[in-house]
Protein chains: 2
Amino acid sequence: MRRNTTQRMAIEEVFRQNDRPLGVDEVLAYGRKLVESLNQATVYRNLKLLVDDGRLKRVTHPSLGTMYERTGKGHHHHFYCRACNHAYELPGCALNEDEIAPDGFVVEDHDVFLFGICPSCVR
Amino acid sequence: MRRNTTQRMAIEEVFRQNDRPLGVDEVLAYGRKLVESLNQATVYRNLKLLVDDGRLKRVTHPSLGTMYERTGKGHHHHFYCRACNHAYELPGCALNEDEIAPDGFVVEDHDVFLFGICPSCVR
DNA sequence: TTTTTTTGCGAAATCAATTGCAATAAAAGC
DNA sequence: GCTTTTATTGCAATTGATTTCGCAAAAAAA
């Protein structure tokens with residue numbers, strides 16, 4: 001049976017406080033502000049458990065690599081800010097269903113990654 | 001000065017024969033059909049040279065990892081067939097420029113990855 | 001208290017990509 | 001055509017980054 005350890009709760013808290021896709025190091029860094037003994041292996045183990053439990057989703061970003069984000073937020077695209085290196089989730093979908101692919105291709109899913117400058121960095 | 005080795009020409013030929021994004025192992029496997037002594041390190045070295053020379057472009061696919069494709073084909077999206085594990089390039093862009101991101105986000109580029117079944121696998 | 005999961009730590013396994021080096025081969029020079 | 005020069009290859013070893021693992025100690029929950 002799964003136990004509510006301070007480490008696991010801290011990792012979930014990290015995602016609550018920073019509601020955007022986070023890399024393993026980010027989770028470790030933010031998590032250590034909550035539980036300073038937090039270990040990298042513990043982060044890896046818990047990220048895996050949280051994915052298994054359906055609380056997190058694993059995403060592979062073309063520039064940032066493996067990231068994790070909270071589930072249950074509906075379809076969204078990803079924005080990567082080249083200035084602060086943060087990833088953001090942008091709700092909604094700007095893809096035209098009909099011209100998405102030529103006849104014959106059966107499209108089941110899609111991932112959209114945007115690149116640019118985020119509002120906090122633009123000013 | 002750059003030499004036209006049989007290995008390098010074979011690698012370029014591989015991309016001419018299979019005009020879709022290819023992974024390093026695919027380039028190696030197809031390349032060995034043309035030059036059986038072809039070595040992995042040679043593939044890595046030449047892919048890098050061909051990128052430097054602007055003949056290939058490096059792409060990071062969320063599922064397939066690092067891939068290379070020929071340059072000069074204009075903007076396109078990528079389609080990944082879950083049946084044959086091949087990547088395809090789909091010319092054109094089905095993204096709505098205006099609703100692409102909320103106000104404040106400056107979008108400079110984007111990558112779109114589609115997932116599904118390709119025409120050859122669908123029948 | 002007792003039981004059992006979980007942690008921290010360092011070691012180790014993976015995987016992708018790079019490098020050193022002697023042998024090879026393309027291109028230039030004779 | 002033959003020799004010289006030097007880029008390139010093949011091979012194995014190595015790096016570097018990411019992820020996993022073994023195990024004793026710690027801490028939930030029973």
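Hydrogens, waters and symmetry mates are skipped; everything else that's a heavy atom, side chains included, is used. Naming convention: chains lettered A, B, ... in sequence-line order (proteins, then strands); numbering from 1 in each chain.
With hydrogens and angles ignored, the 3.5 Å screen pairs no side-chain donor or acceptor of B:R82 with any backbone N or O of B:I117. Here the side chain of A:T71 pairs a donor or acceptor atom with the backbone of A:R55 at under 3.5 angstrom. With B:N39 contributing its side chain and B:A41 its backbone, the two residues share a donor-acceptor pair below 3.5 Å.
Taking all atoms of both residues into account, the shortest heavy-atom contact from A:S63 to A:F115 is OG-CE2, 3.3 Å. In terms of heavy-atom proximity, B:P21 sits nearest to B:M67 at O-CE, 3.5 Å. B:C81 and B:C118 make their closest contact through SG-N, 3.3 Å (heavy atoms, listed as atom of the first residue, atom of the second, distance).
Residue whose closest nucleotide on DNA chain C sits further toward the 5' end, between B:K48 and A:A41: A:A41. Projected onto DNA chain D by closest heavy-atom contact, A:V24 and B:R32 fall at different nucleotides, the more 5' of which corresponds to B:R32.
Side-chain contact between B:H77 and B:F113 is absent, with no heavy-atom pair separated by less than 4.5 Å.
A:Q40 comes within contact range of at least one nucleobase, with a heavy-atom separation under 4.0 Å.
Distances shorter than 4.0 Å separate none of the side-chain N or O atoms of B:T66 from OP1 or OP2 on C:dA16. At C:dT18, none of the side-chain N or O atoms of B:Y44 fall inside 4.0 Å of OP1 or OP2 (strictly under the cut-off).
One interatomic measurement links the two molecules: OH of A:Y68 to P of D:dT18, which rounds to 12 Å at whole-angstrom precision. One atom, CG of A:L64, and another, C1' of D:dA17, lie 15 Å apart when rounded to the nearest Å. When rounded to the nearest whole Å, the span between CG of A:D52 and C1' of D:dT20 equals 15 Å.
Over its length, the helix from C:dT1-D:dA30 to C:dC30-D:dG1 turns its helix axis by 30°, as judged from the five terminal pairs at each end, rounded to 10°.
Ring centroid separation for the pair A:H78 and B:H110 does not come in under the 6.0 Å cut-off. Ring centers of B:Y88 and A:F105: under 6.0 Å apart, within the cut-off.
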Which atom pairs link the protein and nucleotides 1-7 of chain C when you take only N or O atoms and keep those under 3.5 Å?
{"from": "C:dT4", "atom 1": "O2", "to": "A:R3", "atom 2": "NH1", "distance (Å)": "2.7"}
{"from": "C:dT4", "atom 1": "O2", "to": "A:R3", "atom 2": "NH2", "distance (Å)": "2.6"}
{"from": "C:dT5", "atom 1": "O4'", "to": "A:R3", "atom 2": "NE", "distance (Å)": "3.4"}
{"from": "C:dT5", "atom 1": "O4'", "to": "A:R3", "atom 2": "NH2", "distance (Å)": "3.4"}
{"from": "C:dT5", "atom 1": "O3'", "to": "A:M1", "atom 2": "O", "distance (Å)": "3.4"}
{"from": "C:dT5", "atom 1": "O2", "to": "A:R3", "atom 2": "NH1", "distance (Å)": "3.1"}
{"from": "C:dT6", "atom 1": "OP1", "to": "A:R3", "atom 2": "N", "distance (Å)": "3.1"}
{"from": "C:dT6", "atom 1": "OP1", "to": "A:R8", "atom 2": "NH1", "distance (Å)": "3.3"}
{"from": "C:dT6", "atom 1": "OP1", "to": "A:R8", "atom 2": "NH2", "distance (Å)": "3.4"}
{"from": "C:dT7", "atom 1": "OP1", "to": "A:T5", "atom 2": "OG1", "distance (Å)": "2.9"}
{"from": "C:dT7", "atom 1": "OP1", "to": "A:N46", "atom 2": "ND2", "distance (Å)": "3.2"}
{"from": "C:dT7", "atom 1": "OP2", "to": "A:N46", "atom 2": "ND2", "distance (Å)": "3.4"}
{"from": "C:dT7", "atom 1": "O3'", "to": "A:Q7", "atom 2": "NE2", "distance (Å)": "2.8"}

